[in-house]
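Okay, structure first, notes after.
We name chains A, B, ... by the order of the sequence lines, and we start the count at 1 in each one.
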Amino acid sequence: AQTIHQWPVAEIKAVGSPLSLGCTIKGKSSPNLYWYWQATGGTLQQLFYSITVGQVESVVQLNLSASRPKDDQFILSTEKLLLSHSGFYLCAWSLMDWGYEQYFGPGTRLTVL
Amino acid sequence: GDSVTQTEGPVTVSESESLIINCTYSATSIAYPNLFWYVRYPGEGLQLLLKVITAGQKGSSRGFEATYNKETTSFHLQKASVQESDSAVYYCALNSGGSNAKLTFGKGTKLSVKS
């Protein structure tokens, strides 16, 4: 069975500090991977997607970057956090022949102070 | 761009009562997007509840149903008799495909079921 793990579970960080969030998918070969973000009281929106190792496309510009160093790993990062980065970050995977349904990890709660 | 509008919460219903959470969508890049309902139970991650990829079809899961109505561009979630365990946040979403297969979500509807 496939599993998706995100780390850390929660972070409290200072404005201007760096950030790295991770996601690992086990049990699926070459999945499509996605990062989503939900600000408090806001709507879930897609930030990045990746269909293969080493290739990441940005969907929304939020002064964040993403990388896919391995087939089963997706990293979200920034060198300088903003207050507006606070929220809930979700990693998801899909296989393109499954009607575009996506399966989500447990998420990371980020608070920027 | 694509958009999804759903019932604003919170919604409170008594156990064994019926439920409907409204969802309407607008898809600009494709005539018939794939439609989904996701659910987040307290303390858990976002889970796929049901999906329908063909207009006119009905999806069902855990006693919930939703019918893909292309005429009214709606995908309302219904349950005949709710239970306390159905308390959760429900999200309607659409996927227009494309290279990024972006899910466009509604704002979510928080449902509380009273015993």
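The backbone N or O of B:A101 lies less than 3.5 Å from no partner atom in the side chain of A:Y34, so there is not a single donor-acceptor pair.
A:L62 and A:V112 fall within a single hydrophobic cluster, where Ile, Leu, Val, Met, Phe, Trp and Tyr are joined by side-chain heavy atoms under 4.5 Å apart, directly or via other members. Cluster annotation: B:L35 is connected to B:L50 through the hydrophobic network of ILVMFWY side chains, with a link wherever side-chain heavy atoms come within less than 4.5 Å. In the hydrophobic cluster analysis, where Ile, Leu, Val, Met, Phe, Trp and Tyr join through side-chain heavy atoms closer than 4.5 angstrom, B:Y38 is grouped apart from B:F64. Hydrophobic clustering of Ile, Leu, Val, Met, Phe, Trp and Tyr side chains at less than 4.5 Å, counting indirect connections, keeps A:Y103 apart from B:Y90. In the hydrophobic clustering of this structure, A:L33 groups with A:L76; members are Ile, Leu, Val, Met, Phe, Trp, Tyr whose side-chain heavy atoms approach within less than 4.5 Å, directly or through other members.
When the heavy atoms of residues 103-115 of chain B are compared with those of chain A, the residues falling under 4.5 Å are B:L103, B:F105, B:G106, B:K107, listed by number. The interface of residues 41-48 of chain B with chain A, defined by heavy-atom distances below 4.5 Å, comprises B:G45, B:L46, B:L48. Residues of residues 5-17 of chain A lying under 4.5 angstrom from chain B, judged on non-hydrogen atoms, do not exist.
At a threshold of 4.5 Å between non-hydrogen side-chain atoms, the residues B:F36 and A:Q102 do not count as touching.
Heavy atoms closer than 4.5 Å to chain B are found nowhere in A:I4, neither backbone nor side chain. A:Y49 touches chain B through its side chain: at least one heavy atom from C-beta onward sits under 4.5 Å away, while N, CA, C and O do not. In this structure, the portion of A:Y36 lying under 4.5 Å from any heavy atom of chain B is its side chain and not its backbone. Proximity to chain B is absent for every atom of A:E57, based on heavy atoms less than 4.5 angstrom apart.
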Show me the side-chain donor-acceptor pairs of residues 12-24 of chain B shorter than 3.5 Å, one per line, residues at least two apart or across chains.
unit_1, atom_1, unit_2, atom_2, d
B:E15, OE2, B:E84, N, 3.1
B:E17, OE1, B:S14, N, 3.4
B:N22, OD1, B:H76, ND1, 3.4

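One distance of note links CD of A:Q46 with NZ of B:K102; it measures 7.0 Å at 0.5 Å rounding.
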